[in-house]
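So that the names make sense, note that chain A is the first sequence line, chain B the second, and so on, each numbered from 1.
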Amino acid sequence: MHPFTLERPRDAAAALALGAGPEGAATVYIAGGTDLLPLLKAEVGRPERLVAIGRGALDASIEVGADGALRLGAAARMSDVATHSGVSAAFPLVAQALLASASPQIRNMATLAGNLLQRTRCPYFRDAGSQACNKRRPGSGCAALEGSNRLHAVLGGSDHCIATHASDLAVALVALDASLRLRSRDGERRLPLEAFYRLPGDTPEIETVLAPGELITAIEVPPAPAFARRSQYLKLRDRASFEFALVSAAVALDTDGARIREARIALGGIATRPWRLRGVEAALAGGPADGAAYRVAAEEAADGAVPRRHNAFKVELLKRALVRALETAGGRL
Amino acid sequence: MASKLSISLTVNGQTYGVLVEPRRTLADVLRDDCHLTGTHIGCEHGICGACTVLVDDKPVRSCLMFGVQAEGKAIRTVEGLADGETLHPLQRAFIEHDALQCGFCTPGQIMSAVALLSEGRAGSADEIREFMNGNLCRCGAYGNIVAAIAAVASPPDGR
């Protein structure tokens, strides 16, 4: 690991004054460190200076407000949010997605904002010895296009990158219309989490709209009482536990029992960013809450998919996962 | 070249003053500077769980944490489990249930199990498996590991 100096700012303002950038930069933020340390060990990043912004420096609070909205401090630990009684009661989708993530040791270290900003698990990105990765070395090519791409995206990719976004939490939050609070030296802004993630296009090294030196300070989820009882995070993977998703489906339904008033759906494991399915949501709205309707609506879930040599199975799997998640969510009255 | 930092770590109730580079992981600092070699280093990538220790009572991967990040926290390692010559109930159960073969992963398994029991996550064999998912055993002693933990969670003879 490249040697570095460590700064320990007291608060967000002091952290912002130190001006950290993304992994390639000379100064980099570190919170829980569970994603950053492996990248530093592999020398995917070689920063000269780390700025520690975990609990203590940034807000780690977890609050369900009187209006039913959820506010999560950027430095809240995955484990603390997953086991928070208010979260599991009012936002079970968030708790399910967190408990399906990683292992207890990782969840005890990793922060929510760090989870949202984790880098892709694409093995070509994480292997600094491999030559072609446009995310790691812009312009070097994408080894996954013709290489081993079973785990890669079928949606949202480009000729420059087909790496998936690996966060389960982000999929659940996108389905729930979550927003982020961002802070820079110029002030604060708020934007939907869905708009936070960029498609790779021809600049896959730029994954989010976060400006250099800008910090996520909080995650806000609007009240969702109608969805709380009928939601499901289904995660399909190569083994039953402690693995990233091949396909995941975050589903929340507002129904009167027989008919769907509103549906919220996002998929993970299959796209270059958390993949909201507004077309499927519209197809379900106003229709019956039954398996036949779910199967018809799920047919368009993979519209626009570009399967590669080893990952074509995801096209069918994502439709089936979506139907199963809808059946589970819809049946829970 | 990064300079070394003088930090104080509290491990198993004892204070260790060490001089370390910021890039040294907690696992390396525990083994090389505190000379507590019970914590094992397997994959060094946060996959295998051999390096699991408790920080403020929560199991973490000491290979994914810098030693300097553990300053001011209460660290517990496998060396802190036994009371003199009297083994911790989990240590005894691992022996009685033959829950190890080579033993390399065992310190991490037991530290995770200590937390699992204190957090009340031993309700069933499935729950034990799920909350032990971050500890790999390449000898494949999983069945006996689950049995050892279950035995401590609900001892058959009430001890």
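- Among the residues in residues 126-141 of chain B, those with a non-hydrogen atom closer than 4.5 angstrom to a non-hydrogen atom of chain A are E130(B), F131(B), N133(B), G134(B), N135(B).
- Heavy atoms from other residues, nucleotides or ligands lying under 6.0 Å from CZ of R10(A) number 12 at most.
- Residue-level contacts of residues 68-85 of chain B with chain A, in order of numbering, are V68(B), Q69(B), E71(B); threshold 4.5 Å between heavy atoms.
- In this structure, T25(B) and K41(A) have side chains that are in contact, with non-hydrogen atoms separated by less than 4.5 Å.
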Item to check | CA sep, side-chain torsions, deciding dist, call: F66(B), L6(A), side-chain contact (heavy atoms from CB on, under 4.5 Å) | outcome: CA-CA 10 Å; F66(B) 294 118; L6(A) 180 72; 5.8 Å; no
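- In this structure, the portion of R8(A) lying under 4.5 Å from any heavy atom of chain B is its side chain and not its backbone.
- Chain A is approached within less than 4.5 Å, heavy atom to heavy atom, by E44(B), H45(B), G46(B), I47(B), G49(B), T52(B), K58(B), P59(B), V60(B) from residues 39-60 of chain B, ordered by number.
- Contact residues of residues 109-122 of chain B toward chain A are S112(B), R121(B) (heavy-atom distance under 4.5 Å).
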Checklist entry - Yes or no on side-chain contact (heavy atoms from CB on, under 4.5 Å) for M65(B) and L37(A), after CA distance, side-chain angles and deciding distance? => result CA-CA 7 Å; M65(B) 184 172 185; L37(A) 260 78; 5.6 Å; no
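- Listed here is the closest heavy atom pair of L64(B) and M109(A): O-CE, 3.6 Å.
- At a 4.5 Å heavy-atom cutoff, A42(A) makes no contact with chain B through either its backbone or its side chain.
- Within 6.0 Å of CZ on R126(A) lie more than 12 heavy atoms contributed by other residues, nucleotides or ligands.
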